[in-house]
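These numbers were taken from a predicted model, which means no experiment stands behind them. Scope of the values below: all heavy atoms of this structure, side chains included, with no hydrogens, waters or symmetry mates.
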Amino acid sequence: MNQDTDFDIIPTREAIATVERDIQFFPAKNGAPASLRQDQITEWNETGYLCPLDVYDSGEIRDIRQYFDELLASEIAAGGNSYSISSAHLKHARVWDMLTNPRIVGYVADLLGEDVVGWGSHFFCKMPHDGKRVDWHQDCSFWPLTPTKAVTVWLAIDDADAENGCMEVYTGSHTQGLLDFESSDAESNNVLDQVVKNPEQYGKWTRTPLRGGQISIHSDLLVHGSMPNHSDRRRCGLTLRYCPADVHAYLGWNRKGVVVHGMADRQAWPGVSRPNA
């Protein structure tokens with residue numbers, strides 16, 4: 001049985017504006033991390049980003065890739081596209097399993113603390129030569145969550161590199177608060193609808209290639225984006241979103257949450273079960 005999806009996948013800016021949010025970076029405080037090293041905790045606090053981290057071996061990610069091939073074919077046959085598979089853990093059991101994977105959750109819990117909720121899952125799949133880009137943005141500008149403690153895990157389904165449009169980030173930009181952004185139109189080929197101009201003033205640019213099966217993690221305040229895929233190869237990534245259980249989700253988004261580590265208040269995060277599909 002699929003879960004209740006009666007909420008906006010991307011709330012309007014007007015809806016987001018109704019939520020009073022505490023917007024700032026909250027450094028990780030962990031003197032004894034279980035999955036990360038202590039220097040990685042320091043790096044996270046300084047840069048807002050970690051990469052690469054190993055999760056799936058070559059055989060495991062090959063199996064996941066084959067599963068995604070079938071999922072994408074079904075989505076396109078139903079009228080969707082390679083970017084429209086969102087909140088996938090509410091509908092697809094294997095995505096739920098990736099969201100709750102202890103190897104991934106272990107890294108996240110070292111950054112966020114004992115009680116962690118996984119609430120988002122969205123495939124960003126750039127087909128060969130599809131021409132689309134993800135302009136510079138901060139995730140928190142799209143999310144009705146407060147305080148801004150959420151993180152994104154970017155799981156490489158395919159190898160991601162400069163040629164096929166891997167993610168690029170401005171490390172250190174996560175300490176600048178919510179930045180001004182402009183609207184983008186259809187002619188920009190932006191997968192999203194907003195762009196932070198002149199991001200170089202907020203941090204240090206770096207490109208973040210990943211092998212299939214590896215992940216990166218970034219703060220919801222980090223400025224990031226990716227260039228078009230100019231190669232003959234596909235570039236698919238699955239974004240998995242997490243936050244500490246003390247974060248409040250508005251506009252119905254708490255109905256997407258899965259307690260993946262520790263516990264959470266059932267009124268704040270009712271919890272969703274693994275789908276049958």
Side-chain angles (χ1 to χ4, degrees), residues 9 35-36 40 44 48-72 75 82-112 116-127 132 134 137 139 142-143 150-162 164-169 191-192 206-220 222 224-227 229 233-243 256-258 260-261 274-275:
I9 299 298
S35 298
L36 296 171
Q40 290 175 310
W44 169 260
Y49 186 81
L50 289 176
C51 170
L53 300 170
D54 294 327
V55 176
Y56 295 106
D57 64 28
S58 59
E60 291 171 324
I61 199 61
R62 186 183 309 115
D63 183 56
I64 290 171
R65 190 177 300 121
Q66 291 172 349
Y67 165 72
F68 176 74
D69 292 345
E70 298 169 2
L71 186 60
L72 178 60
E75 180 74 9
S82 63
Y83 298 95
S84 60
I85 309 175
S86 185
S87 297
H89 67 287
L90 301 182
K91 297 165 278 190
H92 306 291
R94 289 200 65 177
V95 181
W96 195 97
D97 292 342
M98 286 183 267
L99 181 71
T100 60
N101 183 319
R103 284 174 284 184
I104 297 175
V105 172
Y107 292 133
V108 173
D110 276 350
L111 299 175
L112 299 186
V116 180
V117 174
W119 58 265
S121 50
H122 188 173
F123 287 96
F124 284 83
C125 179
K126 295 181 183 178
M127 303 302 285
K132 291 190 177 295
V134 179
H137 68 284
D139 290 338
F142 295 96
W143 297 345
V151 304
T152 292
V153 166
W154 204 100
L155 168 64
I157 305 297
D158 305 317
D159 291 347
D161 52 38
N164 67 358
C166 68
M167 190 164 66
E168 302 175 17
V169 304
V191 174
L192 305 175
T206 185
R207 186 180 286 129
T208 59
L210 293 170
R211 295 195 312 271
Q214 292 182 322
I215 66 169
S216 63
I217 310 178
H218 65 265
S219 161
D220 55 0
L222 188 77
H224 62 288
S226 60
M227 297 298 105
N229 180 1
R233 296 174 291 118
R234 190 183 70 184
R235 191 233 64 176
C236 178
L238 172 62
T239 59
L240 301 169
R241 324 285 196 176
Y242 302 88
C243 66
K256 298 195 287 183
V258 179
V260 297
H261 197 275
R274 186 177 187 268

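To the nearest 0.5 Å, atom CD1 of residue I217 and atom CG of residue L240 are 10.5 Å apart. Taken to the nearest 0.5 Å, the CD1 atom of I157 stands 10.0 Å off from the OH atom of Y67. The CG atom of D69 sits 9.0 Å away from the SG atom of C125 when rounded to the nearest 0.5 Å. How far CD1 of I104 is from NE2 of H261: 13.5 Å, rounded to the nearest 0.5 Å.
Residues satisfying the side-chain hydrogen bond (donor to acceptor under 3.5 Å, both in side chains) criterion with S86, sequence neighbours excluded, are absent altogether.
A salt bridge is defined here as a Lys NZ or Arg NE, NH1 or NH2 lying under 4.0 Å from an Asp or Glu carboxylate O, and D158 with K126 fails to meet this definition.
Applying the salt bridge (charged side-chain N to carboxylate O under 4.0 Å, His left out) test to every pair with at least one member in residues 99-110, sequence neighbours left out, gives these pairs: E60-R103.
Looking at Y49 and T206, their side chains never bring a donor and an acceptor atom within 3.5 Å of each other. Defined by atom type and a distance below 3.5 Å, a donor-acceptor pair is missing between the side-chain atoms of K132 and S82.
Applying the 6.0 Å contact sphere to CZ of R233 captures more than 12 heavy atoms from other residues, nucleotides or ligands.
A donor-acceptor pair is defined here as one N or O able to donate and one able to accept, closer than 3.5 Å; such a pair exists between the side chain of T239 and the backbone of H122.
Applying side chain to side chain contact (heavy atoms under 4.5 Å, CB included) to W154 and the options M167, Q214, H224 leaves one that passes, M167.
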